[in-house]
Number of protein chains: 2
Amino acid sequence: MLSKNRIKYIHSLELKKNRKNENVFLAEGHKLIADLLPRFQCRFLVATSEWISRQASIPTTDIIEVSEEELTRASLLKTPQEVLGVFEQPHYQIDHSLIDKSLSLALDDIQDPGNFGTIIRLADWFGIENIFCSPNTVDAYSPKTVQATMGAIARVKIHYHDLPELISSLKKNTPVYGTFLDGENFYEKKLSKNGLIVMGNEGNGISKEVATLINQRLYIPNYPTNRETSESLNVAIATAVVCAEFRRQAALR
Amino acid sequence: MLSKNRIKYIHSLELKKNRKNENVFLAEGHKLIADLLPRFQCRFLVATSEWISRQASIPTTDIIEVSEEELTRASLLKTPQEVLGVFEQPHYQIDHSLIDKSLSLALDDIQDPGNFGTIIRLADWFGIENIFCSPNTVDAYSPKTVQATMGAIARVKIHYHDLPELISSLKKNTPVYGTFLDGENFYEKKLSKNGLIVMGNEGNGISKEVATLINQRLYIPNYPTNRETSESLNVAIATAVVCAEFRRQAALR
């Protein structure tokens, strides 16, 4: 039996301040829950009997069995998917040497939850384990972002940190990449297996303060060049095209 | 002065059946309107005096000058942007030889308006002038799709057509590409400058009927391979990574 208070609590997690106060986030659907359960502390689950009966074991004692109808009342999705869960937000230690040794992403004020979730998902695909976000980047634990990750949020570590400070703390020879309209065609550059790729805000790109710290200015060429076209790519799309090329080159070596 | 009836009419264009009956669509914001006005028949514009005063000429006589407050009442956006317009839907003739001669995209039941708009935008970036959509693909003229194109819908031609019939009508040696989990690593293939790239539905991929007609099965490798990762990429992301690689190879030749 799902109490009104519990439904109210679940819905309250749409707001960042409530997620922060409680240090939790909401996730929905069997795929996402299956990815999260082995890794994140689960506060409680709300699930249909069909979902529960399919599980060999469930690492939480607070499971509320509900009808499809009750689940619909609790869910934030148009089409609820058997199960939803409230999980504790993880807090990762930032290890700066990770950036010197492996490839990471930095997001400078990304605002759209869907874009952010899509970026987390593609980072997972391309083996990027850490994403560093400026403090004004949208919350990684908003329900829309969590859903858009399709489970990748269980594997990719999200850190919020002042980006100029972070970049300044790196070794001098660690490459810091960013995409700019006046950058160099990135297909003509040897792209490294370590360092930081900075992606900027949807409307304004990379902030001035961060831009001055970037030592590798890249450009994604359009095709054919010198043609009237869209002025830019969506930030998740640009991130994907850049990450794919880094990994294509890395696989060749 | 903006009448209640006009506001009602604008809001009615959220529904596909109303857009179809009227053969129109809604677009908002100065960037999008600037891209559309020279190319599409405009039924009417709703704009602030600031926007109107900045235009050298406006190719429509039906312009309703409004206050910011009135614009907010008419707009479907959270943050209205000076101007909105109702335009006639274009109807393009399908020229099958285009596919034999240039690179085109085919979308097999894409359902998310945002994904679709993002695909139109990236197609424009990568010089893909025609997108062929299965009849069940979401409407290209839904406000969310139009906004997500950021103006690319003024340049990229969208055609709805039965895909098996379309593919069957192509020349025998025209390549028809699709991405599959059991396809060939697409970085190891010589990708052509012509043909059709088919992208499938968000949940189900490419339909069986279409899949049998694909003669080039591609796979986007993850990195590092053979690692636990996300099972797939978002369809707009996959489209971008594929189109970028086609164009990278084309620019090398």
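Quick note on labels: first sequence line is chain A, next is B, and so on, each numbered from 1. Every value quoted in this text rests on a predicted model; they were computed, and no experiment measured them.
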Open item on the list: Looking at B:E184, I want to see if its CD is surrounded by more than 12 non-hydrogen atoms of other residues, nucleotides or ligands under 6.0 Å.
Closed with: no
- [ ] Drop me the distance from B:N136's CG to B:S134's OG, to the nearest 0.5 angstrom.
- [x] 5.5 Å
Open item on the list: So for B:L252, is it side chain, backbone, both, or neither that comes closer than 4.5 Å to the heavy atoms of chain A?
Closed with: neither
- [ ] Specify which of A:S232, A:A154, A:P221 makes the most heavy-atom pairs with chain B at under 4.5 Å.
- [x] A:S232
Open item on the list: Parallel, tilted or perpendicular: which one describes the rings of B:F87 and B:F40, with boundaries at 30° and 60°?
Closed with: perpendicular
TODO: Could you check whether the rings of B:F25 and B:Y141 sit parallel, tilted or perpendicular, using 30° and 60° as the cut-offs?
DONE: tilted
Task: Proximity breakdown for A:I220 and chain B, heavy-atom pairs closer than 4.5 Å - done: both
Open item on the list: Heavy-atom cut-off 4.5 Å, strictly under: side chain, backbone, both or neither for B:R155 against chain A?
Closed with: side chain
TODO: Tell me, for B:T239 versus chain A, whether the close heavy atoms (under 4.5 Å) come from the side chain, the backbone, both or neither.
DONE: neither
Task: Heavy-atom contact with chain A under 4.5 Å, split by part of B:Y187 - done: side chain
Open item on the list: Tell me which of these, A:G114, A:G151, A:G127, has more heavy-atom pairs under 4.5 Å with chain B than the rest.
Closed with: A:G127
Open item on the list: As a quick check of understanding, evaluate side-chain contact (heavy atoms from CB on, under 4.5 Å) for B:Q147 and B:E28, giving each step before the final call.
Closed with: CA-CA 7 Å; B:Q147 293 306 123; B:E28 301 202 47; 3.6 Å; yes
Task: Options A:T149, A:L233, A:V241, ranked by heavy-atom pairs under 4.5 Å with chain B, top entry - done: A:L233
Open item on the list: Under a 3.5 Å distance rule, please check whether A:Y160 uses its side chain to pair with a backbone N or O of A:A140 as donor and acceptor.
Closed with: yes
